Amino acid sequence: MKLHEYQAKELLQRWNIPVAGGIVAQTPEEAVAAAQKIDPTGKGPWVLKAQVHAGGRGKAGGVKLAKTLDEVRTLATQMIGMKLVTPQTGPQGKIVHKIYVTADAFYPGPSPIREFYVSLTLDRAVSRDVLIASAEGGVEIEEVAKQKPEAIFKLHINPTLGLMPYQARQVAYALGLSGEAFKNAVDFLLRLYKAYDALDASLLEVNPMLKTSDDKIIALDAKLEIEDNGLGVRHKDLESWRDVTEEDPLETEAREAGLSYVKLDGNVGCMVNGAGLAMATMDMIKLAGGWPANFLDVGGGANVERIAKAFQILLKDPNVKIILINIFGGIVQCDRVANGILEAYKIIGDIPVPMVVRLQGTNAELAAKILKESGLPIIPAVELAEAAQKVQEALQRVQ
């Protein structure tokens, strides 16, 4: 689950991590009231930040500086409701429903003020959390990695020990800090890791981490993603923080139905059981010349109702031109999947796209008999490569 900047900062403050705070506003009037509360003198300046689940907001016009209360109102009117397009949103962009009003951390801005990049995430290649830091903060880290890879510092963390003080000092030293700023950065990094670990986060990014003119270290911006599996067990209170307006409606519907679904930009709707098989299925579709429209795992214990619901979700994607069902019957039996397909036809009516079905494993023969006797226009397949090839052939006929 992705969180907005204001939500991430609220959580960081629970671990006594210094942040550049602010107030959330959903209307221009609320934005003006927030600015007045932040600076009762009304002199400003203030920064207005669009709250969307995407990076690169500044370049896209999602971060604005207001020098007067009239500018706060004008800019808030422009920003709330606007479509923000960044490299991370894609061309479809995201609608801004909220803005975050903060004081300008750079005003009056006596030097030296420095910006750094710091993040914590999982490095799957070595199965360890990794702390990534760079003195090139305040810009897109992807560009830094491309243009100046030597400016990226990485440190892997032992899961048993966590981030150790000597490692935090290594990072602060690599960032070129010294004196009081060095000490504050070490404390900041240690607290940041504790928050990351305790929240079961999959990503905690601070860009920029700011060194102020008096050598304080604060989080000027923050991005936080929490592992969904942790939400259901240890962080049930945070589930209500989910902003479904920022999520794909089909992904939200699938999650509520207990399905693992990720929308992609292809034209082949996939229904599979098991994440590994789903990934292999998408690979085979690509090798055959197709393009997956989604990742959809119905799970090992899928019942008839869940399979029917999966069909409904697949067909709500207008890009889906063909459906591939690839089920290995282990916990979920193939005849149950076959009955789910029949139930889907009853609920939905005529399925308007071709459907290739590969059912192997427990009760596969019974499933084949059920589907054959149903008279439905199903394209059967035995091997995965065969199924992928039949998908491609069917696509050529419908295009």
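Not measured: the values here are computed from a predicted model.
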Student: Less than 3.5 Å apart, any donor N or O on the side chain of Thr68 or Asp70 sitting next to an acceptor on the other?
Tutor: no
Student: Can you find a heavy atom in the side chain of Ile99 that is under 4.5 Å from one in the side chain of Lys49?
Tutor: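 They are not in contact (no side-chain heavy atoms under 4.5 Å apart), so the answer is no.
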Student: Within the distance-only criterion (no hydrogens, no angle test), does the side chain of Lys194 pair as donor or acceptor with the backbone N or O of Gly162 below 3.5 angstrom?
Tutor: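 Side chain of Lys194 to backbone of Gly162, a donor-acceptor pair under 3.5 Å: no, none is there.
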Student: Between Asp39 (side chain) and Gly44 (backbone), is there a donor-acceptor pair under 3.5 Å?
Tutor: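 Present.
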Student: Do Asn294 side-chain atoms and Cys270 backbone N/O form a donor-acceptor pair below 3.5 Å?
Tutor: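 The answer is yes, because a donor-acceptor pair under 3.5 Å joins these two groups.
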Student: Is there a side-chain contact between Leu120 and Leu203 (heavy atoms, below 4.5 Å)?
Tutor: no
Student: For residues Ala103 and Ile38, report the shortest heavy-atom separation together with the two atoms involved.
Tutor: CB-CG2, 3.9 Å
Student: Do NZ/NE/NH1/NH2 and the carboxylate oxygens of Glu5 and Lys223 come within less than 4.0 Å?
Tutor: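 A salt bridge is absent here (no side-chain N lies under 4.0 Å from a carboxylate O).
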Student: Determine whether Glu180 and Ile217 satisfy the following criterion, side chain to side chain contact (heavy atoms under 4.5 Å, CB included), listing intermediate values before the conclusion.
Tutor: CA-CA 10 Å; Glu180 193 66 22; Ile217 302 294; over 6 Å; no
Student: Taking all non-hydrogen atoms of both residues, which atom of Met79 and which atom of Ala50 are closest, and how far apart?
Tutor: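 Taking every non-hydrogen atom into account, CE-N, 3.7 Å.
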Student: Under a 4.0 Å threshold between the charged nitrogen and the carboxylate oxygen, would Asp187 count as salt-bridged to Arg191?
Tutor: yes
Student: Any idea which heavy atoms bring Glu136 and Ala151 closest together, and the distance?
Tutor: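 Heavy-atom minimum between the residues: CG-CB, 3.9 Å.
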Student: For Asn326 and Leu359, indicate whether the former's side chain and the latter's backbone hold a donor-acceptor pair under 3.5 Å.
Tutor: no
Student: Distance-only, no hydrogens or angles: does the Ser119 side chain make a donor-acceptor pair with backbone N or O of Leu204 under 3.5 Å?
Tutor: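 No; judged by distance alone, with no hydrogens or angles, the pair does not exist.
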Student: Pick from Val353, Leu296, Leu250: which one makes a side chain to side chain contact (heavy atoms under 4.5 Å, CB included) with Leu314?
Tutor: Leu296
Student: Could you walk me through whether Met279 and Met282 pass side chain to side chain contact (heavy atoms under 4.5 Å, CB included), step by step?
Tutor: CA-CA 5 Å; Met279 298 300 290; Met282 291 191 291; 3.4 Å; yes
Student: How many angstroms lie between atom NE2 of His235 and atom CG of Asn229, to the nearest 0.5 angstrom?
Tutor: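 Output value for this atom pair is 11.0 Å.
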Student: Enter the distance from Glu253:CD to Asp248:CG here, rounded to the nearest 0.5 Å.
Tutor: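 Output value for this atom pair is 10.0 Å.
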Student: Quick one: does any side-chain atom of Asp200 pair with a main-chain N or O of Glu227 as donor and acceptor, under 3.5 Å?
Tutor: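 Not a single qualifying donor-acceptor pair exists.
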Student: Under 4.0 Å between a side-chain nitrogen and a carboxylate oxygen: does that hold for Arg57 and Asp221?
Tutor: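 Salt bridge: yes.
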Student: Are Leu12 and Leu163 grouped together when hydrophobic residues (ILVMFWY) are joined by side-chain heavy atoms under 4.5 angstrom apart?
Tutor: yes
Student: Working to the nearest 0.5 Å, report the span between CG of Leu238 and NZ of Lys236.
Tutor: 12.5 Å
Student: Less than 4.5 Å apart, any side-chain heavy atom of Lys211 and any of Phe116?
Tutor: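 With C-beta onward as the side chain, the pair touches.
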Student: Are the side chain of Arg306 and the backbone N or O of Val298 linked by a donor-acceptor pair below 3.5 Å?
Tutor: yes
Student: Could you tell me whether the side chain of Lys94 and the main chain of His53 form a donor-acceptor pair under 3.5 Å?
Tutor: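 Looks like no, no N/O pair under 3.5 Å.
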Student: Is there a side-chain contact between Glu247 and Arg255, using heavy atoms and a 4.5 Å cut-off?
Tutor: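 Sidechains of Arg255 and Glu247: in contact.
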Student: Taking the side chain as everything from C-beta on, heavy atoms only, tell me whether Ile80 gets closer than 4.5 Å to Gln26.
Tutor: no
Student: What is the minimum heavy-atom distance between Ala185 and Ala172, and which atoms define it?
Tutor: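 Looking at all heavy atoms of both residues, the shortest contact is CB-CB, 4.2 Å.
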Student: Looking only at heavy atoms, which two atoms of Trp46 and Val72 are closest? And how far apart?
Tutor: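 Between these two residues, the closest heavy atoms are CE3-CG2, 3.6 Å.
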Student: Please say whether more than 12 non-hydrogen atoms of neighbouring residues, nucleotides or ligands are located less than 6.0 Å from CZ in Arg14.
Tutor: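 Counting other residues, nucleotides and ligands, CZ of Arg14 exceeds 12 neighbours.
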Student: For residues Ile132 and Ile152, report the shortest heavy-atom separation together with the two atoms involved.
Tutor: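 That would be CG2-CG2, 3.7 Å.
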Student: Do Asp265 and Trp291 have a side chain donor and acceptor closer than 3.5 Å?
Tutor: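 Yes, because at least one side-chain N or O of Asp265 sits under 3.5 Å from a partner of the opposite role on Trp291.
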Student: Of the options Gln7, Lys2, His4, which is the one that meets Asp243 in a side chain to side chain donor-acceptor pair (under 3.5 Å)?
Tutor: His4
Student: Is the shortest heavy-atom distance from the side chain of Lys263 to the side chain of Asn319 under 4.5 Å?
Tutor: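 Side chain of Lys263 against side chain of Asn319, heavy atoms only: contact under 4.5 Å found.
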Student: Lys369 vs Glu365, test: salt bridge (Lys or Arg N to Asp or Glu O under 4.0 Å). Steps then yes/no.
Tutor: CA-CA 6 Å; Lys369 182 174 182 292; Glu365 295 81 4; over 6 Å; no
Student: Does Phe188 belong to the same Ile/Leu/Val/Met/Phe/Trp/Tyr cluster as Tyr173, with side-chain heavy atoms less than 4.5 Å apart forming each link?
Tutor: yes
Student: Are Val337 and Asp335 close enough, and set up right, to give a side chain to side chain contact (heavy atoms under 4.5 Å, CB included), and what steps lead you there?
Tutor: CA-CA 5 Å; Val337 178; Asp335 58 314; over 6 Å; no
Student: How long is the span from the CD atom in Glu115 to the OG atom in Ser134, to the nearest 0.5 Å?
Tutor: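 Between Glu115 CD and Ser134 OG, I get 11.5 Å after rounding to 0.5 Å.
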Student: Calculate, to the nearest 0.5 Å, the distance between atoms CZ and SG belonging to Arg358 and Cys334 respectively.
Tutor: 9.5 Å
Student: Is the closest side-chain heavy-atom distance between Lys286 and Pro292 below 4.5 Å?
Tutor: yes
Student: Salt bridge or not for Arg73 and Glu29, using N-O below 4.0 Å?
Tutor: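 Salt bridge flag = yes for Glu29 with Arg73.
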Student: Between Thr74 and Glu71 (side chain of the first, backbone of the second, donor and acceptor by atom type, cut-off under 3.5 Å), is there such a pair?
Tutor: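 No, the answer is negative, given that no donor and acceptor are paired below the 3.5 Å cut-off.
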Student: Let me check something: do Val118 and Leu11 share a hydrophobic cluster, defined by ILVMFWY side-chain heavy atoms less than 4.5 Å apart, either directly or through other members?
Tutor: yes
Student: When you look at Asp129 and His156, which way does the side chain to side chain donor-acceptor pair (under 3.5 Å) test go after all the steps?
Tutor: CA-CA 6 Å; Asp129 289 323; His156 289 94; over 6 Å; no
Student: For residues Val356 and Ile323, determine if any side-chain heavy atom of one lies less than 4.5 Å from a side-chain heavy atom of the other.
Tutor: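 The answer is no; the side chains never approach within 4.5 Å.
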Student: Do Ile327 and Phe295 sit in the same hydrophobic cluster, where Ile, Leu, Val, Met, Phe, Trp and Tyr count as joined when their side-chain heavy atoms come under 4.5 Å apart?
Tutor: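 No, Ile327 and Phe295 fall in different hydrophobic clusters.
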Student: Is it possible for you to say whether Leu315 and Ile341 belong to one hydrophobic cluster, with membership spreading through side-chain heavy-atom contacts below 4.5 Å?
Tutor: yes
Student: For the atom pair OH (Tyr196) and CG (Leu224), what is the distance rounded to the nearest 0.5 Å?
Tutor: 10.0 Å
Student: Check whether Asp297 reaches the backbone of Leu259 with its side chain - one donor and one acceptor, N or O, closer than 3.5 Å.
Tutor: no
Student: Please tell me whether Tyr100 and Thr102 have a donor and an acceptor in their side chains that are separated by less than 3.5 angstrom.
Tutor: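 No pair is found: no donor N or O on one side chain lies under 3.5 Å from an acceptor on the other.
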Student: Applying side chain to side chain contact (heavy atoms under 4.5 Å, CB included) to Phe311 and Glu343, what does each step give before you reach the verdict?
Tutor: CA-CA 10 Å; Phe311 264 110; Glu343 187 66 23; over 6 Å; no
